[in-house]
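Just so it is clear: chains get the letters A, B, ... in the order the sequence lines come, proteins before strands, and each one is counted from 1.
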Amino acid sequence: MKCRACGQKAVVNMRQHKLALCKEHYLEWIPEQTGRFIEKYKMFSHEEKVLVAVSGGKDSLSLWDILQRLGYQADGLYICLGIDEGLYYSVESQRLTGKFATAHRLKLHVVDVQKEYGSTIPEFALKSHRGRLKPCSVCGLVKRHVMNRVARDLGYDVLATGHNLDDEAAVLFGNTLSWAGEYMLRQGPVLHGNSGLARKVKPLCRIYEREMLAYALLRGIEYIYDECPFSVGSTSIYYKQLLNKLESDRPGAKQSFYLSFLEARRSGLFVEREIIQAELHPCTNCGQPTSAPGLCSFCRMMSR
Amino acid sequence: MLTAKTRQSISGFQNNSRSRQRIPAKYQFVLHLHKFKTEAIIFWGLCFDFNGHFVPPLDLKVYNQLRRGKILRPRVPMVKLILRDQEYEVRPGMTLLDALKKNNILSEGVLCTRNGELVVEDEILRDGDVIKLIAAISGG
């Protein structure tokens with residue numbers, strides 16, 4: 001198979017685009033596409049400060065690398081969750097993130113959950129009643145709270161995450177199975193902020209996970225290969241496998257599923273009821289916006 | 001009669017489990033007997049193995065071929081695919097995509113590398129190739 005651009009031997013074949021590229025042109029194509037989507041969805045401009053949530057995984061580190069290559073002002077935020085389970089998962093992911101930041105001379109903010117809030121994520125899961133001892137629910141709540149707090153306190157305009165198309169399609173698939181209309185209304189490349197909440201963007205939302213893996217490997221980015229030990233058997237990974245089976249038989253199905261949803265929502269498929277739009281007010285403890293009366297979910301969990 | 005050098009070469013041959021596996025089964029017992037220096041029984045006498053089956057006497061020509069390692073099954077050409085800690089073997093000559101389908105591995109969920117270089121799915125597999133598959137699915 002030959003590269004479409006130069007005719008040399010191709011190293012990556014993207015059946016959904018009917019496009020095969022060599023290493024050199026592939027490493028140009030991915031940032032070019034990412035830049036195109038940032039402008040298309042009006043995610044942020046070169047004048048705005050971007051905070052990239054990095055976990056040490058291939059997507060977040062690749063996103064940070066791409067934003068740097070495109071000339072955006074992007075600093076990183078790493079949240080140390082204290083997950084060990086015999087793999088030293090958090091230790092290793094922090095080491096790789098720090099190594100990447102040092103090598104590329106990028107600014108990295110590190111927040112240690114245990115030092116800031118007194119417990120690791122698994123310990124929080126044991127103490128709280130959320131998620132029946134599996135820490136995923138607590139983990140998501142803590143990460144969202146910390147990301148928003150750091151973005152607000154340090155004056156960042158935008159918070160960028162490394163969610164790729166496979167992530168978005170899997171979430172959409174799960175929401176469609178349960179017809180979770182509220183979540184479907186809010187899912188998209190950009191979640192607009194308001195007073196107290198930073199704008200959240202997903203620059204990689206139209207790039208396949210396989211493509212991001214190829215980018216990380218070809219670029220030589222060292223990322224943590226092991227997955228979070230608590231992610232074994234998770235529903236999102238199961239949905240991804242189902243969608244991959246569909247994609248293997250029908251190239252382009254995942255992309256079509258996600259893009260058609262965005263277009264259908266834009267055209268008015270979902271009627272936004274006024275009662276869904278909950279009124280937000282600042283939490284009496286931390287000041288972050290919340291729809292619940294009094295304390296936000298994070299502060300309520302901490303008080304227990 | 002067997003010289004000391006011959007005994008040494010046979011014992012080395014016997015100790016090499018990989019080469020021993022390629023010796024046809026009916027001759028493996030013969031090499032086993034040599035450990036006990038029973039060459040006289042093999043050439044001129046009747047011989048029964050431990051299961052009570054008759055082992056026919058060898059003539060000298062076949063015995064020499066065995067000793068030199070010439071009576072061996074031909075090595076089967078193979079390609080190895082490695083995904084995490086699982087190994088799969090396929091015959092060379094097929095495409096990488098066909099090899100993945102044969103082992104129920106979705107091409108969308110993996111990237112394939114050979115000697116550290118990415119390879120595309122239409123690559124024809126050659127004898128001795130070791131393809132490392134890197135899982136693309138992550139998250140939770």
Heavy-atom closest contact (B/Leu118 atom, A/Leu217 atom, distance)
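Minimum heavy-atom contact is CD2-CD1, 4.2 Å.
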To check you understand the geometry: which heavy-atom pair defines the closest contact between A/Gln241 and B/Ile137, and what is its length?
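In this case the closest contact between A/Gln241 and B/Ile137 is CG-CD1, 3.6 Å.
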Give me the atom names and distance for the closest heavy-atom approach of B/Ser138 to A/Lys240.
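Reported closest heavy-atom pair: O-NZ, 2.5 Å.
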Separation of B/Leu97 CG from A/Ser248 OG (nearest 0.5 Å)
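A/Ser248 OG to B/Leu97 CG: 8.5 Å, rounded to 0.5 Å.
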Could you report the tightest heavy-atom contact between A/Arg210 and B/Ser107, atom names first, then the distance?
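That closest heavy-atom pairing would be NE-O, 3.1 Å.
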Sort A/Asp59 into side chain, backbone, both or neither according to what part of it lies under 4.5 angstrom from a heavy atom of chain B.
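For A/Asp59, the contact with chain B is made by the side chain alone.
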Heavy atoms, side chains only, cut-off 4.5 Å: are B/Glu108 and A/Arg15 in contact?
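Side-chain contact under 4.5 Å: yes.
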Most contacts with chain B, counted as non-hydrogen pairs under 4.5 angstrom, among A/Asp167, A/Val11, A/Val12
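The answer is A/Val11.
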Measure B/Glu123 against the heavy atoms of chain A and call it side chain, backbone, both or neither at under 4.5 Å.
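Side chain only.
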Counting only heavy atoms closer than 4.5 Å, note whether A/Lys23 contacts chain B via side chain, backbone, both or neither.
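Contact with chain B involves no heavy atom of A/Lys23 at all.
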Interface moiety of A/Leu218 toward chain B, non-hydrogen atoms closer than 4.5 Å:
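Interface part for A/Leu218: side chain.
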Residue A/Asp166 versus chain B: region with a heavy atom under 4.5 Å
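Neither part; nothing is under 4.5 Å.
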Has the side chain of A/Lys245 got a donor or acceptor atom that lies under 3.5 Å from a matching backbone atom of B/Leu106?
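Checked: no pair found.
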With a 4.5 angstrom heavy-atom cut-off, could you sort out which part of A/Tyr208 is near chain B: side chain, backbone, both or neither?
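For A/Tyr208, side-chain heavy atoms alone lie under 4.5 Å from chain B.
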Exceeds 12 heavy-atom contacts within 6.0 angstrom, atom CD of B/Glu117:
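Atom CD in B/Glu117 is not packed in, count stays at 12 or less.
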Could you tell me which non-hydrogen atom of A/Tyr225 sits nearest to which non-hydrogen atom of B/Leu133, and how far apart they are?
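Looking at all heavy atoms of both residues, the shortest contact is OH-O, 4.5 Å.
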